[in-house]
Amino acid sequence: MPTPLDPRTYQAPPDLLANRVILVTGATRGIGRAVATDLVKHGATVILHGRNARVLDALYEELRKLGPEPAVAALDLERAQGDEYQHLTAQITERYGRLDGLLHNAAMLGDRSPIEHYDIGLWQRVMHVNATTPFILTRCFLPLLRNSPDASIVFTTSGVGHRGRAYWGAYAVSKFAIEGMSQVLADELEKTRIRVNCINPGRTRTRMRAHAYPAEDPKTVPLAESLTGPYLFLLGPDSAGTTGQRVDC
């Protein structure tokens, strides 16, 4: 038997994702932007999600020069209603007829404070964006994923979503929810062509990280561009048979 590939050291071949259609939420900055860029470079048609249409259009212009033409999906996950999700689903169905990959990357940090003092409204917002909207999108897109011969759903988790830590509040709780949803979904889809996994990117030089650790020297933290290998692995065909797992970068 061949030696199993290690996602943490994975080197993707140039045409790994040729002819695949993959949607990335939170694609306009940080990890989402880095992964979306590498997906395009490796042949994927990427649907770029974000809430700012102007920023999305600029990213589209940048990425269309690197590989297959991407698409944009402007949707404010905090405020979107059912008809907006249905409209996006209909657009993808009409244009592509399927999804081969879905990366849930968009998230809110919320407040770094004890639960005793956590603002209730902010708690609800963080839980909605980080846990409820990945459920809604997954539920909407499952028929499209079932149309793929080899589909992959990847949820983004965190170290504080595996073991709780003081003052991480709604963010930590939402990531526990994400890991639970990933496990439930992987079990439900075990006998299908859809695999479901979680990825913990770990320390990454992003805006969210800077907000969470304002005293940290950003130069000591890895760039998002250096951590895309595990994402390419989980979203590509080399991870066939890998499901229900949590990958730590």
Side-chain angles (χ1 to χ4, degrees), residues 23-35 48-56 59 73-86 88 102-141 153-185 198-218 220-222 224 227 246 248-249:
L23 188 146
V24 178
T25 71
T28 58
R29 63 175 185 247
I31 293 172
R33 184 187 182 97
V35 173
L48 306 163
H49 161 265
R51 63 183 178 180
N52 186 311
R54 180 183 57 81
V55 176
L56 277 173
L59 180 60
L75 187 69
D76 186 340
L77 296 180
E78 187 177 344
R79 297 175 175 83
Q81 300 298 310
D83 58 341
E84 294 171 86
Y85 288 102
Q86 293 169 6
L88 176 58
L102 173 58
L103 170 58
H104 292 292
N105 172 75
M108 285 180 64
L109 176 63
D111 198 8
R112 292 288 309 277
S113 68
I115 285 177
E116 182 179 8
H117 303 298
Y118 208 101
D119 180 80
I120 295 171
L122 180 58
W123 182 283
Q124 292 175 317
R125 290 171 58 203
V126 173
M127 293 300 295
H128 179 73
V129 171
N130 293 7
T132 301
T133 60
F135 154 73
I136 296 171
L137 288 170
T138 301
R139 187 182 185 280
C140 288
F141 294 154
I153 302 173
V154 179
F155 292 92
T156 305
T157 184
S158 166
V160 296
H162 192 62
R163 182 176 179 82
R165 202 180 309 160
Y167 313 123
W168 281 87
Y171 182 81
V173 174
S174 70
K175 293 304 181 180
F176 270 90
I178 281 295
E179 294 208 14
M181 180 161 32
S182 176
Q183 293 171 22
V184 170
L185 196 57
C198 272
I199 188 164
N200 170 26
R203 298 170 68 246
T204 314
R205 198 185 306 178
T206 62
R207 185 183 301 182
M208 181 183 290
R209 176 83 186 185
H211 288 165
Y213 297 95
E216 182 178 63
D217 180 358
T220 66
V221 182
L227 302 171
R246 180 183 192 273
D248 292 296
C249 289

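To the nearest 0.5 angstrom, E84 atom CD is 6.5 Å from Q81 atom CD. With rounding to the nearest 0.5 Å, the separation of CD1 in I153 from CG in L102 is 6.0 Å. A distance of 5.5 Å separates CG in L75 from OH in Y85, rounded to the nearest 0.5 Å. Annotation: the span from L137 atom CG to L88 atom CG amounts to 7.5 Å, rounded to 0.5 Å. A distance of 12.5 Å separates CZ in R139 from CG in L185, rounded to the nearest 0.5 Å. Between the OG atom of S158 and the CD1 atom of I199 there is a distance of 12.5 Å, given to the nearest 0.5 Å.
Sorted by first and then second residue, the side-chain hydrogen bond (donor to acceptor under 3.5 Å, both in side chains) pairs involving residues 126-135 (not counting sequence neighbours) are N130-S174.
A74 and L56 make their closest contact through CA-CD1, 3.6 Å (heavy atoms, listed as atom of the first residue, atom of the second, distance). In plain terms, the two heavy atoms of G169 and Y118 that are nearest each other are CA-CE1, 3.9 Å. Contact detail for W123 and V173: the closest heavy-atom pair is CH2-CG2, 3.8 Å. Considering every non-hydrogen atom in both P134 and V129, the closest pair reads CD-O, 3.4 Å. Here the closest non-hydrogen pair linking Y171 and M108 is CD1-O, 3.2 Å. Contact between F176 and G164 at its shortest, heavy atoms only, is CZ-N, 3.5 Å.
Among residues two or more places apart in sequence or in another chain, the side chain to side chain donor-acceptor pair (under 3.5 Å) test is passed with Q86 by none. In this structure D76 satisfies the salt bridge (charged side-chain N to carboxylate O under 4.0 Å, His left out) test together with R79, sequence neighbours excluded. With sequence neighbours left out, the side chain to side chain donor-acceptor pair (under 3.5 Å) criterion links S113 to D111. Every side chain to side chain donor-acceptor pair (under 3.5 Å) that E179 has, sequence neighbours left out, goes to T157, R246. Shown here are the side chain to side chain donor-acceptor pair (under 3.5 Å) partners of T138, two or more places apart in sequence or in another chain: H104.
Contact annotation: the side chain of L103 approaches that of T156 to within less than 4.5 Å [non-hydrogen atoms, C-beta and beyond]. Side chains of R125 and L122 form a contact here, defined as non-hydrogen atoms less than 4.5 Å apart. K175 has its side chain out of reach of N200: every pair of non-hydrogen atoms, C-beta onward, lies at least 4.5 Å apart.
Remark: side-chain polar atoms of R112 are not paired, donor with acceptor, to backbone N or O of W168 under 3.5 angstrom. Looking at H49, its side chain never comes within 3.5 Å of a backbone N or O of V24 through a donor-acceptor pair.
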